[in-house]
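Worksheet: one structure, shown below.
In the text below, chain A, chain B and the rest are named by the order of the sequence lines, each starting its count at 1. Please read these numbers as outputs of a predicted model, since none were measured by experiment.
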There are 2 protein chains.
Amino acid sequence: MRIGELAERAGVSVRALRYYEEQELLASERSASGQRHYREDAVDRVQLIQMLYGAGLSSKTVAELLPCVDAKVNTPESRARLADERERINQQIIDLTRTRDRLDAVIELSQSPASGCTIVEEALYA
Amino acid sequence: MRIGELAERAGVSVRALRYYEEQELLASERSASGQRHYREDAVDRVQLIQMLYGAGLSSKTVAELLPCVDAKVNTPESRARLADERERINQQIIDLTRTRDRLDAVIELSQSPASGCTIVEEALYA
DNA sequence: CTTGCCTCTGACGTCAACGTCAGGTTCTAG
DNA sequence: CTAGAACCTGACGTTGACGTCAGAGGCAAG
């Protein structure tokens with residue numbers, strides 16, 4: 001498929017795909033006229049890249065990780081690298097969970113008419 | 001306390017604290033000579049700001065949320081706003097969990113000598 | 001009183017992941 | 001064959017959360 005179709009199917013912009021190639025995250029084959037062509041599994045690859053970006057990884061880190069994911073590289077170092085990033089993500093989940101719980105506490109307070117919030121309510125709806 | 005002490009105790013830079021004030025996330029009292037002074041609870045406030053930044057909220061969003069957290073504003077809209085952001089964070093946790101699980105699967109594969117990885121291992125250690 | 005650290009206000013620099021525009025080529029439908 | 005959509009390569013623009021530097025004033029210790 002060409003770049004436009006991949007962009008639509010993977011839910012990213014054409015510009016983003018060219019950027020991924022520039023960062024060596026995503027390869028493409030070129031036709032005689034120079035147009036990029038992708039295989040079906042490129043959709044999956046792009047979505048994985050998006051997942052890793054979403055986890056806060058930089059394109060440099062993703063570039064280092066992807067060969068491990070492809071199992072084209074499998075050394076003690078690459079396994080350690082994968083485990084490292086897994087731990088970072090896990091820690092991020094823990095942090096976010098704490099943030100969510102803190103917001104929950106705030107929401108709880110704002111909904112309880114027994115709290116000091118009632119003063120505000122009275123002021124607003126008196 | 002002055003800005004340097006707050007920065008150290010909250011684990012952020014002095015520049016960041018001035019930036020927070022500029023964004024109206026953190027107020028300060030000024031001495032006659034113009035120096036900023038903070039109360040003890042500013043440490044907590046800064047850490048909350050950091051948590052929200054860590055959850056991907058912009059300073060604009062944080063600025064809109066903080067009055068609700070302080071329970072200085074309590075309207076149906078502010079409660080909805082809080083619930084919205086809570087949901088965004090919750091969704092982020094779900095996404096991150098999927099990313100972590102995908103990495104776990106990759107790690108599992110790279111550790112199993114029964115997989116195609118053994119070919120790579122042989123190539124590397126033959 | 002002066003040395004040295006802390007603080008102040010601008011204001012420009014940075015970095016990543018693209019957005020966007022220019023100017024030109026290529027593919028496809030009719 | 002031709003219009004219009006899709007594609008190409010530069011290359012400059014954008015945004016947020018600060019970093020960093022300049023120039024000047026403030027404060028505690030000796």
| request: Find the distance Leu6(A):CG to dA6(D):P and express it as a whole number of Å. | output: 15 Å

| dG16(D) OP1/OP2 closer than 4.0 Å to side-chain N/O of Ser58(B) | no

| note | From CZ of Arg36(B) across to C1' of dC6(C) the rounded distance in Å is 13 Å

| task | With sequence neighbours excluded, give me every salt bridge (Lys or Arg N to Asp or Glu O under 4.0 Å) pair touching residues 16-28 of chain A. | result | Glu21(A)-Arg30(A), Glu21(A)-Arg36(A)

| Over how many whole Å does the gap from Glu8(A) atom CD to dA6(D) atom C1' extend? | 13 Å

| query | Atom CZ of Arg30(A) and atom P of dC8(D): how far apart are they, to the nearest Å? | reply | 6 Å

| field | d(CD, Gln23(B); P, dG16(D)) in whole Å | value | 9 Å

| request: Mind calculating the distance between CE (Met1(A)) and P (dA6(D)) to the nearest angstrom? | output: 16 Å

| task | Evaluate whether atom CD of Glu87(A) has more than 12 neighbouring non-hydrogen atoms of other residues, nucleotides or ligands under 6.0 angstrom away. | result | yes

| Between dC18(D) atom C1' and Ile3(B) atom CD1, what is the distance in whole Å? | 13 Å

| query | What residue among Val46(B), Asp44(B), Leu52(B) forms side-chain contact (heavy atoms from CB on, under 4.5 Å) with Leu48(B)? | reply | Leu52(B)

| said: Taking the basic N atoms (NZ, or NE/NH1/NH2) and the acidic carboxylate oxygens, is any pair closer than 4.0 Å for Glu85(A) and Arg81(A)? | reply: yes

| Between the side chains of Gln35(A) and Ser33(A), is a donor N or O closer than 3.5 angstrom to an acceptor N or O? | no

| Backbone of Leu25(B) reached by a side-chain donor or acceptor of Arg45(B) within 3.5 Å | yes

| query | In whole angstroms, how far is the P atom of dA6(D) from the NE2 atom of His37(A)? | reply | 15 Å

For nucleotides 18-27 of chain C, tabulate all protein N/O to nucleotide N/O atom pairs closer than 3.5 Å, reporting atom names and distance.
residue : atom : partner  : partner atom : Å
dC18(C) : OP2  : Tyr20(A) : OH           : 3.2
dG19(C) : OP2  : Ser13(A) : OG           : 2.6
dG19(C) : N7   : Arg15(A) : NE           : 3.3
dG19(C) : O6   : Arg15(A) : NH2          : 3.2
dT20(C) : O4   : Arg15(A) : NE           : 3.1
dC27(C) : OP1  : Ser33(A) : OG           : 2.8

| Within the structure shown, what part of the strands sits under 4.0 Å from Arg18(B) by heavy-atom distance: base, sugar-phosphate, or nothing? | base

